[in-house]
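In this text the structure is predicted, and so the values were computed from the model without any measurement. Numbers restart at 1 for each chain; the letters A, B, ... are given by sequence-line order, proteins then strands.
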There are 2 protein chains.
Amino acid sequence: MDCVSTSKQLPQPDRDEIRVDAVLQALGEPVRLMIVRMLADTSEGIACGELELPVTASTRAHHLKMLRESGVVSTRTEGTRRISALRREDLDALYPGLLDGVLAAKQ
Amino acid sequence: MDCVSTSKQLPQPDRDEIRVDAVLQALGEPVRLMIVRMLADTSEGIACGELELPVTASTRAHHLKMLRESGVVSTRTEGTRRISALRREDLDALYPGLLDGVLAAKQ
DNA sequence: ATCGTACTACGATATTCATCGAACTTCGAC
DNA sequence: GTCGAAGTTCGATGAATATCGTAGTACGAT
């Protein structure tokens, strides 16, 4: 292949392609909301396998894909690992207060 | 029956019973988000029949029930009409910025 | 009481989607 | 190359739900 770098961004919507419907639907699932909470506690992002969740690996991958395609997280490849991180800047710019409001919820 | 008043509140969760999962899931449906946008433009609330939406009356009622049971709207009875209004105070207290962020979305 | 309006409840249907296991891909290590 | 680890993809399945039409309830007006 013609990939020169060892790190690569996975495809995701541009900021202006993010739809609020999709974001809310993505956040409105308990497991995905857990993922977002975990990501909010880090600045570097988390690998799929490091997310301790009550679901199998394939379900985990499914949820991360939903979050990426809706514009909530971005994912980069590092070796065999895929590091996901919250798209805080984009979300705060599009929906100021939304993320903080969600994270403020006690549970 | 023993109802003395002509106006009555329909059952809804108390503020401390509202779950963020349910709120986000309720907001993450296009028709329901339209309803919330319309309600945000009024202070008095809107009757079910006055919501102009591309669905039938029964579907409209269904969505309003979802919104009420998740804690997004409150509904009071006035004669044969049911007036729904955004629970702004409760939502702002629980998730400060969430509602404003959602409503700030261009579409 | 009768009628019409406003809305809800019920049953049916189709779609969406969360979940899993198994097979596959990709990468690093040996 | 071979192996193992990390993740994804591919059905399959079961549950949730958006939608509708119809029937039913509640209320006001006549």
Pairs under 3.5 Å (N/O, protein and nucleotides 15-19 of chain C):
| from | atom 1 | to | atom 2 | distance (Å) |
| --- | --- | --- | --- | --- |
| C:dC17 | OP1 | A:Q25 | NE2 | 2.5 |
| C:dA18 | OP1 | A:R32 | NH2 | 3.3 |
| C:dA18 | OP2 | A:R32 | NH1 | 3.0 |
| C:dA18 | OP2 | A:H62 | NE2 | 3.1 |
| C:dT19 | OP2 | A:H63 | NE2 | 2.3 |

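- Atom CZ in A:R60 sits about 13 Å away from atom C1' in C:dC20, given to the nearest Å.
- Atom-to-atom distance recorded for B:L51:CG and B:H63:NE2 is 11.0 Å, nearest 0.5 angstrom.
- Atom CG in B:L10 sits about 14 Å away from atom C1' in D:dC27, given to the nearest Å.
- One atom, CD of B:E69, and another, C1' of D:dA16, lie 14 Å apart when rounded to the nearest Å.
- Per the geometry, CD1 belonging to A:I46 stands 16 Å off C1' belonging to D:dA6, to the nearest Å.
- Rounded to a whole Å, the CG atom of A:L51 is 10 Å from the P atom of D:dT8.
- Atom C1' of nucleotide D:dA6 and atom CZ of A:R76 are separated by 15 Å, given to the nearest angstrom.
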Can you give the donor-acceptor pairs under 3.5 Å from side chains of residues 9-17 of chain B to other protein atoms, not counting sequence neighbours?
| from | atom 1 | to | atom 2 | distance (Å) |
| --- | --- | --- | --- | --- |
| B:R15 | NE | B:D90 | OD1 | 2.6 |
| B:R15 | NH2 | B:D90 | OD1 | 2.9 |
| B:E17 | OE1 | B:D14 | N | 2.9 |

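- Straight-line distance from the CZ atom of B:R68 to the P atom of C:dC7: 13 Å, rounded to whole Å.
- By the side chain to side chain donor-acceptor pair (under 3.5 Å) test, A:R88 is found to be paired with no residue, residues two or more places apart in sequence or in another chain being considered.
- Residues passing the side chain to side chain donor-acceptor pair (under 3.5 Å) test with B:S74: none are found, sequence neighbours excluded.
- Atom NZ of A:K65 and atom P of C:dT25 are 16 Å apart (whole Å).
- Judged as a side chain to side chain donor-acceptor pair (under 3.5 Å), and not counting sequence neighbours, A:S70 has no contacts.
- With sequence neighbours excluded, the residues forming a side chain to side chain donor-acceptor pair (under 3.5 Å) with A:S58 are A:T56, listed by chain and number.
- The salt bridge (charged side-chain N to carboxylate O under 4.0 Å, His left out) contacts involving residues 42-71 of chain B comprise B:E50-B:R81, where partners must be two or more places apart or lie in separate chains.
- Proximity of A:V72 to A:I35: side-chain heavy atoms (C-beta onward) are nowhere separated by under 4.5 Å.
- A heavy-atom distance below 4.5 Å is not found between the side chains of A:R76 and A:K8.
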Pairs under 3.5 Å (N/O, protein and nucleotides 4-6 of chain C):
| from | atom 1 | to | atom 2 | distance (Å) |
| --- | --- | --- | --- | --- |
| C:dA6 | O4' | B:T80 | OG1 | 3.3 |

